[in-house]
Amino acid sequence: MSLNYSEVEEIALSEAPLHEARRQDETSNDIQKPLLLAIDDAAADKDRTTLNRLTKKVAWSRCHPDEMIHVINLCIFLDMVLLARELAYEGRRLFPNDKRLEHFAIVLAPAKVIGTEPASDIGLEASHRWFQENSSQYKGQWIAVQNGELLGVAPTLKKLYDQIGPDKRTSSTIVVKALF
Amino acid sequence: MAKFDSVLFDGGFAVGSTIYEDYYQGDDRQNRIVLTITPERKKDSPAKMIMDTGAPWCILDPELAETWDLTSDYAEITKLNIRGEVRLGRLLRTNIILRATRGENLKVEATFFVPFMDTDEAWNYPNFLGLNGFLDRIRFAVDATENAFYFGH
């Protein structure tokens, strides 16, 4: 179904009597469907302006949480973080029992500084030097370095931690995978 | 001690500073700002991350995410475009510590995208600290003349 955005908006806004009639049936979502389809089209076209505008027209309280989650996912894929966040907050308010919307509201919230703690010396500068001078020979491998000393090399992180053992796995043991 | 520690610490701009690496391991074609962070719950698992204000999301290697016990029963599967590839994964929240070499470490509640991998697939992208979910709520400055990264809140 191909839809013209302005037609969809017109239908949604002008059919007040129909909208009123549908209100009798709380599960009905027919009025929102064209808008939701138009949102899909806008997302497919990467038309962020239209997508943003259309989300303001949707009566989310008359939609299913799955539909809201779908649109949040579209926003995430298009890196429209502020809109995704706004929808997630609204979704949590409208559907407080939906754990998925609750989760989206949490993960889409801005980062939060929760405190500071004194820095401890974990030998960062010595380890940096080791990585800069030596890591190119370990492409595709996980590498563990502590205070500028190589502890181990392995193809997976799990194997690397098994190799170095629990005693050498400390806050100063820096691991990285050298890209291949 | 980095050149501007006193000025930026005393002036209240920064609480800590660290020396960053110029390159991510295995990717020496591009200059980067590579920092070390630690998950608060797994302080024995520090890892390297590229600080990138042009990256919209923080992205974490799935093997590291597993080591950090970063999971959720309610996280929806979502998809991101990573360097032109559509990748499925989950957005997950955790506390991380930005390690300082001087001053104080900074603890931040941050969101990471953790991609799914096929069983025979190896993830071959760096970890990223992007704008959303991390950098958009901290104060930072870079002195490229001595690879110093200053941070505060």
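Chain identifiers are assigned alphabetically (A, B, ...) following the order of the sequence lines, protein sequences preceding nucleic acid strands; residue numbering begins at 1 within each chain. Nothing here was measured: the structure is a model prediction, and the numbers come from that model. Heavy-atom basis, side chains included; hydrogens, waters and symmetry copies ignored.
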Original post:
Would a hydrophobic clustering, with Ile, Leu, Val, Met, Phe, Trp and Tyr connected at side-chain separations under 4.5 Å, put B:Phe4 with B:Phe9?
Top reply: no
Subject >> Where A:Ala111 and B:Val108 come nearest, the two heavy atoms and their spacing >> reply: CB-CG1, 4.0 Å
**OP:** Mind ranking A:Lys112, A:Lys139, A:Lys177 by heavy-atom pairs under 4.5 Å with chain B and telling me who comes out on top?
**Re:** A:Lys112
**OP:** Under 4.5 Å heavy-atom distance to chain B, tell me which part of A:Ser136 shows up: side chain, backbone, both or neither.
**Re:** neither
Original post:
So which heavy atom on B:Thr111 is nearest to which on A:Ile106, and how close?
Top reply: OG1-O, 4.5 Å
**OP:** Return the option, out of A:Ser172, A:Gly140, A:Pro155, A:Ala109, with the maximum number of heavy-atom pairs under 4.5 Å with chain B.
**Re:** A:Ala109
Subject >> Spacing of A:Thr116 atom OG1 and B:Glu104 atom CD [to the nearest 0.5 Å] >> reply: 3.5 Å
**OP:** Heavy-atom pairs under 4.5 Å with chain B are the metric here; pick the option from A:Ile174, A:Val107, A:Leu74 that has the most.
**Re:** A:Val107
Original post:
Between A:Val145 and A:Ile164, is there a shared hydrophobic cluster once you connect ILVMFWY residues whose side-chain heavy atoms come closer than 4.5 Å?
Top reply: no
Original post:
Roughly how far, to the nearest 0.5 Å, is the NE2 atom of A:His128 from the OG1 atom of B:Thr18?
Top reply: 6.0 Å
**OP:** Inspect the surroundings of NZ in A:Lys168 and state if more than 12 heavy atoms from other residues, nucleotides or ligands are less than 6.0 Å away.
**Re:** no
Subject >> Test item: B:Glu40 and A:Ile114 side chains (from C-beta on) under 4.5 Å apart, heavy atoms >> reply: yes
Original post:
Does any heavy atom of chain A fall under 4.5 Å from the side chain of B:Phe112, the backbone, both, or neither of them?
Top reply: neither
Subject >> Residue selection (most heavy-atom pairs with chain A, distance under 4.5 Å) from B:Thr38, B:Asp61, B:Asp27, B:Val15 >> reply: B:Asp61
Original post:
Do A:Tyr89 and A:Leu83 belong to the same hydrophobic cluster, where Ile, Leu, Val, Met, Phe, Trp and Tyr are linked whenever their side-chain heavy atoms lie under 4.5 Å apart, directly or via other members?
Top reply: no
**OP:** Return the option, out of B:Ala75, B:Ser45, B:Ala47, with the maximum number of heavy-atom pairs under 4.5 Å with chain A.
**Re:** B:Ala75
**OP:** Flag the one option from A:Ile69, A:Ile143, A:Asp121, A:Ile122 with the top tally of heavy-atom pairs under 4.5 Å to chain B.
**Re:** A:Ile122
**OP:** Identify which of B:Phe134, B:Trp57, B:Phe113 forms the greatest number of heavy-atom pairs closer than 4.5 Å to chain A.
**Re:** B:Trp57
**OP:** Check whether A:Arg85 gets within reach of chain B through its side chain, its backbone, both or neither, counting any heavy atom under 4.5 Å.
**Re:** side chain
Original post:
Has A:Glu149 got more than 12 heavy atoms of other residues, nucleotides or ligands less than 6.0 Å from its CD?
Top reply: no
**OP:** Mind checking the CH2-CG spacing from A:Trp142 to B:Leu64? Nearest 0.5 Å is all I need.
**Re:** 4.0 Å
Subject >> side-chain contact (heavy atoms from CB on, under 4.5 Å) between A:Phe77 and B:Thr78, worked out >> reply: CA-CA 8 Å; A:Phe77 185 66; B:Thr78 192; over 6 Å; no
Original post:
Is the closest side-chain heavy-atom distance between A:Leu108 and B:Leu91 below 4.5 Å?
Top reply: yes
Original post:
Does any heavy atom of chain B fall under 4.5 Å from the side chain of A:Glu117, the backbone, both, or neither of them?
Top reply: both
Original post:
Could you give the distance from CG (A:Asp79) to CG (B:Leu80), rounded to the nearest 0.5 Å?
Top reply: 7.0 Å
**OP:** Could you tell me whether the side chain of B:Glu76 reaches within less than 4.5 Å of the side chain of A:His103, counting heavy atoms only?
**Re:** no
Subject >> Atom group of B:Leu135 that falls short of 4.5 Å from chain A, counting heavy atoms >> reply: neither
Original post:
Is there a donor-acceptor pair under 3.5 Å between the side chain of B:Glu63 and the backbone N or O of A:Leu157?
Top reply: yes
Original post:
Linking I/L/V/M/F/W/Y whenever their side-chain heavy atoms sit closer than 4.5 Å, directly or via other members, would B:Leu35 and B:Ile97 fall into one cluster?
Top reply: no
**OP:** Quick one: do B:Thr67 and A:Arg169 satisfy side-chain contact (heavy atoms from CB on, under 4.5 Å)? Show the steps, please.
**Re:** CA-CA 12 Å; B:Thr67 302; A:Arg169 184 173 168 177; 3.1 Å; yes
Original post:
So with a 6.0 Å cut-off around CD of A:Gln163, is the heavy-atom count from everything else above 12?
Top reply: yes
Subject >> Contact winner vs chain A - B:Thr36, B:Asn132, B:Asp44, B:Asp136, heavy-atom pairs under 4.5 Å >> reply: B:Asp44
**OP:** Check whether A:Phe104 gets within reach of chain B through its side chain, its backbone, both or neither, counting any heavy atom under 4.5 Å.
**Re:** side chain
**OP:** Write out, in numerical order, the residues from residues 124-131 of chain B with a heavy atom short of 4.5 Å from a heavy atom in chain A.
**Re:** B:Asn124, B:Tyr125, B:Pro126
Subject >> Nearest non-hydrogen partners of A:Ser120 and B:Arg99, listed with the distance >> reply: OG-NH2, 3.2 Å
**OP:** May I ask you to list the residues in residues 142-153 of chain B that approach chain A closer than 4.5 angstrom, counting heavy atoms only, ordered by number?
**Re:** B:His153
**OP:** Find out if a path of hydrophobic residues (ILVMFWY) with successive side-chain heavy-atom gaps under 4.5 Å connects A:Ile76 to B:Leu92.
**Re:** no
Original post:
Does atom NZ of A:Lys46 have more than 12 heavy-atom neighbours, drawn from other residues, nucleotides or ligands, at distances under 6.0 Å?
Top reply: no
**OP:** Would you name the heavy atoms of B:Pro46 and A:Ser171 that are closest together and state the gap between them?
**Re:** CG-O, 3.2 Å
